[in-house]
Amino acid sequence: MNTQSLYGDAAEGARLAGLIARGQTTGVFARAHAQELEDDVTQVEQNVADQSIPGAERIQQLADQLGSALGDLATHPDDGPAASHAETALTELAAKLAKLGS
Amino acid sequence: MNKILQVALGVIAALGGFVDIGELVFNSQAGAVFGYQTLWAVPVGVVGMVVFAELSGRVAIVTHKANFDLVKERYPRWLSSVTLVAGLLVCLITLSAELGGLGLVLHYVLGWNEGFFTLVGLVLLVASSLLLPFQAIERVYGYLGLGLVVYIVAAVHHGPAWHAIGAGFVPSGGSAQYWYFVVALVAAGMMPYEIYFYSSGGIEEGWTEADLGTNRANAIFGYPLGGVVAVALTVVAAQQLLPLQLTPQNLGTTLMQALHELGPFAFWAAVVGAFFAIGGATIDSAFSCAYNLAQHQGWPWGKKNGWRHSKRWTATLLGAFGVGYAVVQTRVDPVSLTEYAVIASAVAMPLSFWPVVRVSQDRELMGRHVSGVVTRPLAWVFFAVVCTVAVAGPVLMVLTHMGELT
């Protein structure tokens, strides 16, 4: 459930980053939505820490990277080139989380 | 010609007013998780809504009694009190969920924090409720809610898999989670506040027997057209999110689907549509709280009397907005609250609808407008559906931990 939520945040973040990179969204929406996804990640990180589940360390590591990438999107929601890099990073994170969850 | 225009305007308002945060959340999640398999639940909810709206409107026109006038009249005191408490709770939970959603929509497009924009939304809705004439409230929020039609355009633009969509309208079996979504989609289609508002609204607008055709046309054409928007929300989520195995957890994901498919103009249409659809539903649920309590207690009620002559009704209306705002300030997630609102609605429906069903079939009260060979069995069939949903909703909610999405 935790990796599934993180996967969802990564995949959604990658979609958002793609829209920012193509200049198709407003900065305000991008910031608000990226912040919302980052908050979800923080919540999941807290759950993982509380539950002491197997593979928690790996999940925490990926969640940290995910939170950081989403945080960057929220801080620079108008930066197209940075969003393009973030899209790649978030897509890779989504793939890793999908593999971890399967 | 004037009559045709009136019917057309009413149909458009019903179309725009059908979708609220319940559809925006559940229909998108259902499409993302189950693809087209839950589509059949939408027409079940829509037809139920058509049946109960037509019936409660007809009863209100003929008997000049709204939903809770009948609850008070037909039930023993203890049962009418239980029904009132259930009705008020459901309307307040719905109001809180809608108000929280309104704050989120404003936050997505204007920045700052949701708490501030929930307050802005609240002020706007209270001002609309107090200052606009009844029909203007219904129509303005209904018409501008039509922005959500952009999801129909998005579904068609993507290139719909018509065969798979058609197959989705045939019921299929599935896991407990699947049935939880089916029950939620049916319940979201016929939220009780919509019926309370509709029956009291008929009296507010001074409908007479000459308006029975308008009542029927609004119900028969308006809600099914609104149902098409609800179907489109599921289809768009199935097209975009299912291949990614991405389940939407917030309204931002639903709004982003319009942006992703059609670009910024569609995004703004979706934002305007969502704002007014959710805003209209917030007003409807606040009014429903006031209508229910005032009718049950025998107080003067409605905008038709002016707020000076309906002071307790007006105070309840403002109190309902205040309670909704207080709930949102606890930082409860509006999306989770919506799920509770929809399931709680399912439980309150049978108690609220029973007196209306009974009165609509009472020849002494209804005269020649008594339910006939079509409406009578339909009313019973959908009353059975409502009872099934009322039992299954909470059970499935517990079994699946709210669909295992939170």
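A, B, ... follow the sequence lines: proteins, then strands. Residue 1 opens every chain. None of these values were measured; they are calculated from a predicted model.
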Which atoms of B:F267 are under 4.5 Å from chain A, going by heavy atoms: the side chain, the backbone, both sets, or neither? side chain
Nearest 0.5 Å please: distance from the CD atom of A:E12 over to the CG atom of B:L244. 9.0 Å
Residue-level contacts of residues 65-86 of chain A with chain B, using a heavy-atom cutoff under 4.5 Å: none
Distance-only donor-acceptor pairs under 3.5 Å for side chains of residues 21-30 of chain A, two or more places apart:
unit_1	atom_1	unit_2	atom_2	d
A:R22	NH1	A:G18	O	3.4
A:T26	OG1	A:F29	N	3.1

Under a 4.5 Å heavy-atom cutoff, which of B:N250, B:L110, B:L241, B:V109 has the most pairs with chain A? B:N250
When rounded to the nearest 0.5 angstrom, what is the spacing between NE2 in A:H33 and CG in B:L259? 10.0 Å
Answer with side chain, backbone, both or neither: which region of A:D9 has an atom nearer than 4.5 Å to a non-hydrogen atom of chain B? neither
Please report the interatomic distance NE2(B:H107) to CD(A:Q35), rounded to the nearest 0.5 Å. 7.5 Å
Closest non-hydrogen atom pair, B:L246 against A:A11: CD1-CB, 3.6 Å
What part of A:E36 gets within 4.5 angstrom of chain B, counting heavy atoms only: side chain, backbone, both, or neither? side chain
